[in-house]
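Okay, structure first, notes after.
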Amino acid sequence: MSLGAAEDDSATEIHLPADIDWEMLDKSRFFFLGAALFSAVSGTLYPMVVLKTRQQVLVKDTSCFKLASWVLKQEGFRGFYKGFGTSLMGTIPARALYMGALEVTKSSVGTATVNLGVSEVNAVAIANAAGGVSAAMAAQLVWTPIDVVSQRLMVQGGSNVNGSGVSAVRYNGGIDAFRKIVASDGLRGLYRGFGISTLTYAPSNAVWWASYSVAHRLIWSGVGTYCCKKDEGGFRPGSMAVVTVQGVSAAMASGVSALITMPLDTVKTRLQVLEGEGRPTIGQTVKKLVKEGGLGACYRGLGPRWASMSLSATTMITTYEFLKKMSTKNQEVFA
């Protein structure tokens, strides 16, 4: 079953490349190439993640540009890559779990919903949302401990910018941070914020994938309406047009997802990073945030997160589609 092709209607006929299902993929090539491609993407976007994380733990609001200038002046360019080695180590297995769960769920749920009589348009949105939820939950098993360690490394040295409440414990790299966290809090320390992480990323992924499928269809519908007026035989977009629409759809979906889930992400980051507050609960963390700056405090770091999500999503979806194309068992399908 192909869930990726735009539907035909009486006004337009868009001939998009066939979607690539899970059964069509060479799994070993898919995971190997995926690890390499997404590691490169993560490295490119990592500085924005560092800025977002630091903004979220500051007591007073600080602009992204001011914070970036401070990091560059005090810590140099390396300051934007604190914890990157640890993050990269977790990215590979987490991405493998994410991609596997995403594709398996999309394929099975999409087929099941169509068999139940759901229209293909709605089946696409449902399958993408379900795939996003299962992918996020699977990835969090690996990603939460890596997130805790890498975020502790990210904020080291950042307490002098308007204060942050970050613990005075110093870490000499990811392994040292891992050992100290386990010695202090046990394995539970590595899974601090696991619940809120799941509550953040599961709906975020569901919203993103569902929004992406809707935006993708709407854009192609508009493009098809315009182009098919000139070509009664239908419209066959080139590879550049396909990539452009994918990128724009991804950016639109990221904006929706970032706005909806930003408060949860801020609370999650604080729970994982701010050690010196007697292990606050989610409710206590929310109250402290609101006390510091009202509802706006829950949206600290929205700019970097939105930019990071948009760029990450745009590169992710185009890279992901390229990866699937490169990993098909029968390359002749795309000749």
Side-chain angles (χ1 to χ4, degrees), residues 38-91 143 146-181 192-193 251 254-255 258 262-263 265-277 285 288-289 291-315:
F38 286 113
S39 294
V41 171
S42 296
T44 303
L45 302 175
Y46 194 77
M48 280 183 285
V49 178
V50 172
L51 291 175
K52 183 271 297 183
T53 301
R54 288 202 173 192
Q55 278 192 308
Q56 288 176 320
V57 300
L58 294 177
V59 174
K60 296 181 181 180
D61 195 15
T62 301
S63 72
C64 181
F65 293 107
K66 180 179 178 182
L67 183 58
S69 298
W70 189 91
V71 171
L72 189 62
K73 180 179 179 180
Q74 298 294 324
E75 304 171 40
F77 189 70
R78 292 179 60 185
F80 293 107
Y81 280 90
K82 283 187 173 181
F84 178 64
T86 301
S87 178
L88 188 60
M89 287 176 60
T91 294
W143 190 249
I146 296 300
D147 213 18
V148 170
V149 173
S150 62
Q151 286 184 146
R152 298 278 180 94
L153 296 172
M154 285 181 200
V155 300
Q156 281 198 142
S159 60
N160 293 326
V161 185
N162 292 340
S164 66
V166 178
S167 172
V169 178
R170 307 299 295 176
Y171 304 113
N172 185 25
I175 295 177
D176 182 54
F178 178 88
R179 289 173 178 170
K180 288 180 178 178
I181 292 170
R192 263 184 96 180
S254 297
M262 187 66 204
D265 187 70
T266 301
V267 172
K268 173 195 74 71
T269 299
R270 288 209 164 199
L271 285 172
Q272 292 178 329
V273 172
L274 303 185
E275 294 185 296
E277 302 190 12
T285 303
K288 189 174 188 301
L289 270 169
K291 184 179 179 180
E292 288 175 6
L295 184 61
C298 297
Y299 282 86
R300 286 177 185 163
L302 176 62
R305 185 169 186 247
W306 192 326
S308 176
M309 284 184 67
S310 296
L311 290 172
S312 177
T314 300
T315 53

Review point. Given side chains that start at C-beta, do those of F80 and E75 come closer than 4.5 Å, heavy atoms only?
Key: no
Exercise for review: Quick one: do K52 and L302 satisfy side-chain contact (heavy atoms from CB on, under 4.5 Å)? Show the steps, please.
Suggested key: CA-CA 7 Å; K52 183 271 297 183; L302 176 62; over 6 Å; no
Practice item. Under the side-chain contact (heavy atoms from CB on, under 4.5 Å) rule, what do R192 and I181 come out as? Steps first, then yes or no, please. Key: CA-CA 10 Å; R192 263 184 96 180; I181 292 170; over 6 Å; no
Review point. So how far is it from D265 CG to C298 SG, rounded to the nearest 0.5 Å?
Key: 11.5 Å
Review point. Is the number of heavy atoms from other residues, nucleotides or ligands within 6.0 Å of CD1 (I175) greater than 12?
Key: no
Check your understanding: Does the Y299 side chain pair with the main chain of T266, one donor and one acceptor, at a distance under 3.5 Å?
Key -> no
Review point. Less than 4.5 Å apart, any side-chain heavy atom of R54 and any of K82?
Key: yes
Study note, to complete from the structure: Between S87 and I146 the two heavy atoms that sit nearest each other are CA-CG2, 3.7 Å
Check your understanding: Is Q55 close to P304 at the side-chain level, that is, under 4.5 Å between some pair of heavy atoms?
Key -> yes
Point to revise | Nearest-0.5 Å distance, CZ of residue F84 to CE of residue M154 | key: 10.0 Å
Revision key, fill the gap. Heavy atoms of L289 and A297 approach each other most closely as O-CB, 3.1 Å
Check your understanding: Where is the tightest heavy-atom contact between Y171 and D176, given as atom of each residue plus distance?
Key -> CA-OD2, 3.4 Å
Review point. Above 12 or not: heavy atoms from other molecules or residues under 6.0 Å from OH of Y46?
Key: yes
Study note, to complete from the structure: All heavy atoms of G174 vs all of V149, minimum pair found to be O-CG1, 3.7 Å
Point to revise | Shortest non-hydrogen contact between D147 and S150, atoms and distance | key: O-OG, 3.3 Å
Review point. So do the side chains of K268 and L271 get within less than 4.5 Å of each other, counting heavy atoms only?
Key: no
**Study point:** Flag, side chain of R270 to backbone of Q56, donor-acceptor distance under 3.5 Å
**Key:** yes
Check your understanding: Is the ring centre of F77 less than 6.0 Å from the ring centre of Y81?
Key -> yes
**Study point:** Taking every non-hydrogen atom, the tightest pair across S254 and M309
**Key:** OG-O, 3.2 Å
Check your understanding: Hey, is the main chain of R170 close enough, under 3.5 Å, to the side chain of K180 for a donor-acceptor pair?
Key -> yes
